[in-house]
K.L.:
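What follows is a structure written as structure tokens; I'll ask about it next.
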Amino acid sequence: MIRTINNSLRLLFVARTLARHDALFFLDNIDRLPFYLVVLRKIMPVFALGATKSKNLRDGERLANALQDLGPSFIKLGQALSVRADLIGEEMVLDLGNLRDRLPPFPFEKARETIEYELQTPLDELYAEFNPEPVAAASIAQVHFAKVRETVPAPTDEDPDATEEILRDVAVKILRPGIEDAFERDLRLFYWLAELTERYQPNFRRLRLTKIVDIMADSVELEINLRLEAAAASEMAENFAEDPEFDVPEIDWQRTAQRVMTQSRIDGISISNKAELIAAGHDLNALADNVIRVFLHQVLRDGFFHADMHHGNLFVTADGRLVAVDFGIMGRMSRETRLFMAEMLHAFLTRDYWRAAEVHFEAGYVPKHKSLPSFAQACRSIGEPILGRPVNEISIARLLVQLFQVTETFEMETQPQLLLLQKTMVTAEGVAQSLNSEINFWESASPTVAHWMRENMGVEAHAAEVVKDGMALLRKIPAIVTKADGLLAELDAREKALKQDAQNEEANMAAERHNRAGYLVGGVFLGAVAAYLLMLSI
């Protein structure tokens with residue numbers, strides 16, 4: 001009851017904000033609304049009196065503005081919805097896809113307080129210089145530039161062990177005060193709404209809204225623990241250690257904690273600034289290809305990808321290296337899911353729609369009682385309008401979006417592990433196209449995908465997999481033998497115990513027979529004595 005009251009009050013505030021932005025339109029498209037939501041829908045426009053008129057904006061733009069006002073949890077909800085064209089339509093997907101965190105910075109004193117509490121050291125001892133003005137303020141954290149003192153080797157002929165002190169530029173990311181409580185409150189509301197939707201809208205159960213909120217909760221948990229973000233950056237740096245065209249900031253672990261992260265400062269140009277990139281002499285076409293190559297290496301090769309690769313998180317250094325920042329939202333994919341994605345995309349792009357349908361059935365994404373030929377026909381209806389266009393207009397992201405639109409017909413459940421991938425692919429393709437409007441995702445991706453498929457799906461890969469499984473079995477043989485010996489010993493001990501029990505039982509029965517015979521003889525003897533005494537008495 002308390003949960004319902006708290007969530008209802010929070011929902012009332014949310015509805016009021018949506019009403020002020022004229023963004024309650026989505027309720028009109030839902031059948032069988034609970035009575036209290038019907039009443040709420042009727043009275044909420046009253047609270048919008050005096051609000052700025054936004055009738056000239058599209059539905060998606062009004063909803064995006066409302067979500068921004070509601071804070072970080074709702075911005076993330078909008079970002080999650082921005083990949084669900086099957087649920088909200090392509091136009092709204094585009095509008096919500098433009099969501100960016102825009103919040104005023106919090107005071108420097110709060111930043112100082114957080115740093116000193118987390119690192120248990122005065123700010124002046126941690127950093128030689130610290131700029132009190134943030135260079136970026138988002139919904140979850142803000143970033144300050146600073147400098148740290150480092151002692152580095154400076155050998156001389158006279159003193160080979162000599163050192164010197166230098167100043168190194170760093171960026172310090174600090175969580176917003178109270179952000180954890182804000183997320184926890186809103187996630188409770190999202191779970192409640194997901195449960196209500198699944199209860200009153202059976203057709204939406206296949207969308208697995210509760211599971212989607214689970215993924216959002218997991219993502220938030222990682223994003224508001226900067227130590228985990230630092231670990232993600234470190235892991236990706238290891239994955240690309242040998243790549244000369246991609247880099248990740250170095251983490252300063254001594255100045256990193258749960259709510260504070262210090263990393264090397266990036267000296268580069270934002271990938272969103274085309275004019276500056278051109279003026280610096282960078283090849284935009286090569287950069288666009290590199291964005292796609294790096295993304296595919298993350299997804300296919302590593303199964304660990306940066307799931308927020310928008311313009312604001314990508315920079316280009318003077319030597320042309322692509323550098324990513326902000327590793328709060330990361331995605332992981334199992335090898336099986338990667339194999340499905342690679343084969344599915346390859347089947348679409350080679351117009352093998354039957355195979356595209358088969359891999360969906362093999363992966364269990366389409367129920368077995370559905371018709372394979374019909375699903376292959378649906379795949380053709382998706383692929384032909386897209387793949388039939390000029391090569392420079394083929395959009396892999398659009399293909400994935402269209403694929404989601406057939407989910408209801410074929411009772412396909414939402415695959416939560418693919419949601420982040422779809423969102424990231426749409427974003428990566430958009431970044432690449434902003435650098436080179438003529439780029440074709442498949443042409444740029446083909447060498448990387450083909451190489452990965454040869455290594456993971458060819459005859460050699462299958463042979464290697466058999467050998468790998470065989471080696472794994474060989475490694476298990478000693479343990480199997482040991483376990484078998486133990487089992488045999490246990491069986492032998494049980495058999496001996498059973499034999500002993502049988503012998504004991506037989507001995508007990510013999511003793512009992514002996515006792516019975518003794519009792520009988522004794523009884524006869526006593527009876528005879530009694531009879532003899534009786535005769536004497538007569």
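All figures in this text were calculated on a predicted structure; none of them were measured in a lab.
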K.L.:
Could you check whether R293 makes a cation-pi contact with F246, meaning its NZ or CZ is under 6.0 Å from the centre of the six-membered ring and within 45° of the ring axis?
P.N.:
no
K.L.:
Kindly compute the distance separating CG (L300) from CG (L339), expressed to the nearest 0.5 Å.
P.N.:
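Going from the CG atom of L300 to the CG atom of L339 covers 9.5 Å.
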K.L.:
When rounded to the nearest 0.5 angstrom, what is the spacing between CZ in F190 and OG1 in T210?
P.N.:
13.0 Å
K.L.:
Might you work through the side-chain contact (heavy atoms from CB on, under 4.5 Å) test for N436 and D289, ending with a clear yes or no?
P.N.:
CA-CA 9 Å; N436 175 13; D289 287 336; 5.6 Å; no
K.L.:
If you measure from NZ on K274 to CG on L287, what distance do you get to the nearest 0.5 Å?
P.N.:
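Spacing of NZ (K274) from CG (L287) equals 11.0 Å.
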K.L.:
Go through the steps for L175 and E180 under the test side-chain contact (heavy atoms from CB on, under 4.5 Å), then give the verdict.
P.N.:
CA-CA 9 Å; L175 287 186; E180 296 91 343; 3.9 Å; yes
K.L.:
Is a side-chain N or O of R259 found less than 3.5 angstrom from the main chain of R176, in a donor-acceptor match?
P.N.:
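At least one qualifying donor-acceptor pair exists.
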K.L.:
Quick one, R380 with Q377, criterion side-chain contact (heavy atoms from CB on, under 4.5 Å). Give me CA distance, side-chain angles, the key distance, then yes/no.
P.N.:
CA-CA 5 Å; R380 181 180 294 275; Q377 181 180 349; 5.6 Å; no
K.L.:
Between R351 and E384, is there a side-chain heavy-atom distance shorter than 4.5 Å?
P.N.:
yes
K.L.:
With a 4.5 Å limit on heavy-atom distance, are the side chains of M341 and V299 in contact?
P.N.:
no
K.L.:
Report the C-alpha distance between D214 and Y191 in whole Å, list the side-chain angles of each, state the deciding distance to 0.1 Å, and finish with yes or no for side-chain contact (heavy atoms from CB on, under 4.5 Å).
P.N.:
CA-CA 8 Å; D214 284 339; Y191 275 117; 2.5 Å; yes
K.L.:
Using a 4.5 Å cut-off on heavy atoms from C-beta on, say whether the side chain of V325 contacts that of Q263.
P.N.:
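Side-chain contact under 4.5 Å: yes.
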K.L.:
Counting N and O atoms only, with roles assigned by atom type, does the side chain of E229 sit under 3.5 Å from a partner on the main chain of F327, one being a donor and the other an acceptor?
P.N.:
yes
K.L.:
Could you check whether any side-chain N or O of S234 sits under 3.5 Å from a backbone N or O of A230, counting only pairs where one atom can act as donor and the other as acceptor?
P.N.:
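No, the answer is negative, given that no donor and acceptor are paired below the 3.5 Å cut-off.
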K.L.:
Write down the atom of R301, the atom of N239, and the distance for their closest heavy-atom approach.
P.N.:
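Closest pair (atom of R301, atom of N239, distance): NH2-O, 3.1 Å.
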K.L.:
Taking the side chain as every heavy atom from C-beta outward, state whether L63 and L18 have any pair of such atoms under 4.5 Å apart.
P.N.:
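Yes. Closest side-chain heavy atoms under 4.5 Å.
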K.L.:
Side-chain contact, heavy-atom cut-off 4.5 Å: H306 with T424?
P.N.:
no
K.L.:
In this structure, are over 12 heavy atoms from other groups packed under 6.0 Å from E235 atom CD?
P.N.:
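Yes, because the 6.0 Å sphere around CD of E235 holds more than 12 heavy atoms from other groups.
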K.L.:
Between L314 and M309, what is the shortest heavy-atom contact and its length?
P.N.:
CD1-O, 3.9 Å
K.L.:
Which distance, rounded to the nearest 0.5 Å, do you find between the CG of L70 and the OG1 of T17?
P.N.:
4.5 Å
K.L.:
For residues I251 and M261, report the shortest heavy-atom separation together with the two atoms involved.
P.N.:
CD1-SD, 4.1 Å
K.L.:
Measuring only between side-chain heavy atoms, which start at C-beta, is L372 closer than 4.5 Å to W354?
P.N.:
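In contact.
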K.L.:
Is any side-chain heavy atom of E245 closer than 4.5 Å to a side-chain heavy atom of F240?
P.N.:
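No, too far: nothing below the 4.5 Å cut-off.
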K.L.:
Less than 3.5 Å apart, any donor N or O on the side chain of N65 or R62 sitting next to an acceptor on the other?
P.N.:
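No.
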K.L.:
Any side-chain heavy atom of L284 within less than 4.5 Å of one from L435?
P.N.:
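Side-chain contact under 4.5 Å: yes.
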K.L.:
Does CD in E362 sit with more than 12 non-hydrogen atoms of other residues, nucleotides or ligands closer than 6.0 Å?
P.N.:
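More than 12 heavy atoms, drawn from other residues, nucleotides or ligands, come within 6.0 Å of this atom.
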K.L.:
Using modelled atom types and a 3.5 Å cut-off, is there a donor and acceptor pairing between side-chain atoms of S434 and backbone atoms of V431?
P.N.:
yes
K.L.:
Out of curiosity, F295 CZ to L322 CG, how far, rounded to the nearest 0.5 Å?
P.N.:
13.5 Å
K.L.:
Taking all atoms of both residues into account, what is the closest heavy-atom pair of G331 and A307, and its distance?
P.N.:
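Where G331 meets A307 most closely, the heavy atoms are N-CB, 4.1 Å.
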K.L.:
Indicate the atoms forming the closest heavy-atom contact of I179 with I224, along with that distance.
P.N.:
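Smallest heavy-atom distance, with atoms named: CG2-CG2, 4.5 Å.
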K.L.:
For residues A432 and A288, report the shortest heavy-atom separation together with the two atoms involved.
P.N.:
O-CB, 3.5 Å
K.L.:
Could you give the distance from CG (D247) to CZ (F315), rounded to the nearest 0.5 Å?
P.N.:
13.0 Å
K.L.:
Before we go on, tell me: are the rings of H360 and F340 under 6.0 Å apart, centre to centre?
P.N.:
yes
